[in-house]
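This report refers to the structure that appears directly beneath it.
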Amino acid sequence: MESLVLTARTPTSLAVALALGLAGPLAAQDSAPALTLELNAQEQVETGCKLSFLARNGHPTAIDKVVYETVLFDTTGQVERLTLFDFGTLPAGKPRLRQFVVPGLQCDGLGQILINGASTCEAGELGASACIEGLGLTSRTDVEMMG
């Protein structure tokens, strides 16, 4: 988090607003997750359930490789399986769609997906925590994303 230095030249109303945390755009920038995963779609295919994720890397540099340990829960909340999803390279500032077919899984039986952690995170100078700290998770389907 960047520190803000107030000086005698800072207008009083701005200084008070900043001190009280009322500077909306500045606060919004700090709270936005740098890396987001959205479950965008799911489709039943012959061999299983195809899951489509939209990944957005808001970090200043690329993530060279990220593999997430993922837990799939059925609609009753029971663990269906534990698996690894290899998202590969995520360039900075560019969305990437990644699709995974989960063999033998019926899409209508999937209730929740838990991103349990990053089993691999090669993120250069960003460090290994760049793949999981503050990860934003959303879903455009009925399946809930958790992390």
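In the hydrophobic cluster analysis, where Ile, Leu, Val, Met, Phe, Trp and Tyr join through side-chain heavy atoms closer than 4.5 angstrom, Met145 is grouped together with Phe100. Residues Phe87 and Leu137 are members of one and the same hydrophobic cluster, defined by side-chain heavy-atom contacts under 4.5 angstrom among Ile, Leu, Val, Met, Phe, Trp and Tyr.
Here CZ of Arg81 is found 11.5 Å from CG of Asp74. Values are rounded to the nearest 0.5 Å. Distance check: Ile113 CD1 to Thr141 OG1 gives 7.0 Å after rounding to the nearest 0.5 Å. To the nearest 0.5 Å, atom CZ of residue Phe53 and atom CD of residue Glu38 are 10.5 Å apart. A distance of 14.5 Å separates CG in Leu37 from CZ in Arg96, rounded to the nearest 0.5 Å. Rounded to the nearest 0.5 angstrom, Leu54 CG and Thr138 OG1 are separated by 8.0 Å.
Panel note: side chain Asp64, backbone Ala123; no donor-acceptor pair is recorded below 3.5 Å. At least one donor-acceptor pair under 3.5 Å links the side chain of Gln44 to the backbone N or O of Cys107. No donor-acceptor pair closer than 3.5 Å links the side chain of Thr70 to the backbone N or O of Ile115. His59 places no side-chain N or O within 3.5 Å of a backbone atom of Leu35 that could act as its donor or acceptor partner.
Using a 3.5 Å distance cut-off with no hydrogens or angles, the side chains of Ser119 and Glu69 do not pair a donor with an acceptor. For the residue pair Asp108 / Gln106, no side-chain donor-acceptor distance below 3.5 Å is found, with atom types taken as modelled.
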### Message
Assess the residue pair Phe85 and Tyr68 against the criterion (ring pair (Phe, Tyr, Trp, His ring centres under 6.0 Å)); give the C-alpha distance rounded to whole Å, side-chain angles, the decisive distance to 0.1 Å, and a yes or no.
### Response
CA-CA 5 Å; Phe85 288 160; Tyr68 287 109; 9.2 Å; no

### Task
Would you please test Leu110 and Glu80 for side-chain contact (heavy atoms from CB on, under 4.5 Å) and show each step?
CA-CA 8 Å; Leu110 186 60; Glu80 199 283 334; 5.9 Å; no

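Side-chain contact check for Thr120 versus Val66: every heavy-atom pair is 4.5 Å or farther apart. Residues Cys131 and Ile63 meet the side-chain proximity criterion, which asks for heavy atoms closer than 4.5 Å. Two residues are said to be in side-chain contact when any heavy atoms from C-beta on lie closer than 4.5 Å; Arg140 and Leu39 fail this criterion. Within the 4.5 Å cutoff, no side-chain heavy atoms of Thr47 are placed close to those of Pro103. Between Pro60 and Glu125 the shortest side-chain heavy-atom distance does not fall below 4.5 Å.
Between Ser129 and Leu126 the shortest heavy-atom distance is OG-O, 4.5 Å.
A salt bridge between Arg98 and Asp86 is absent, with no side-chain N of the basic residue lying under 4.0 Å from a carboxylate O of the acidic one.
Each of Val143, Val102, Leu114 was evaluated against Leu72; a single residue qualifies, Val102, per the side-chain contact (heavy atoms from CB on, under 4.5 Å) test. The side chain to side chain donor-acceptor pair (under 3.5 Å) test with Ser52 singles out one residue from Glu43, Gln42, Gln99, and that residue is Gln99.
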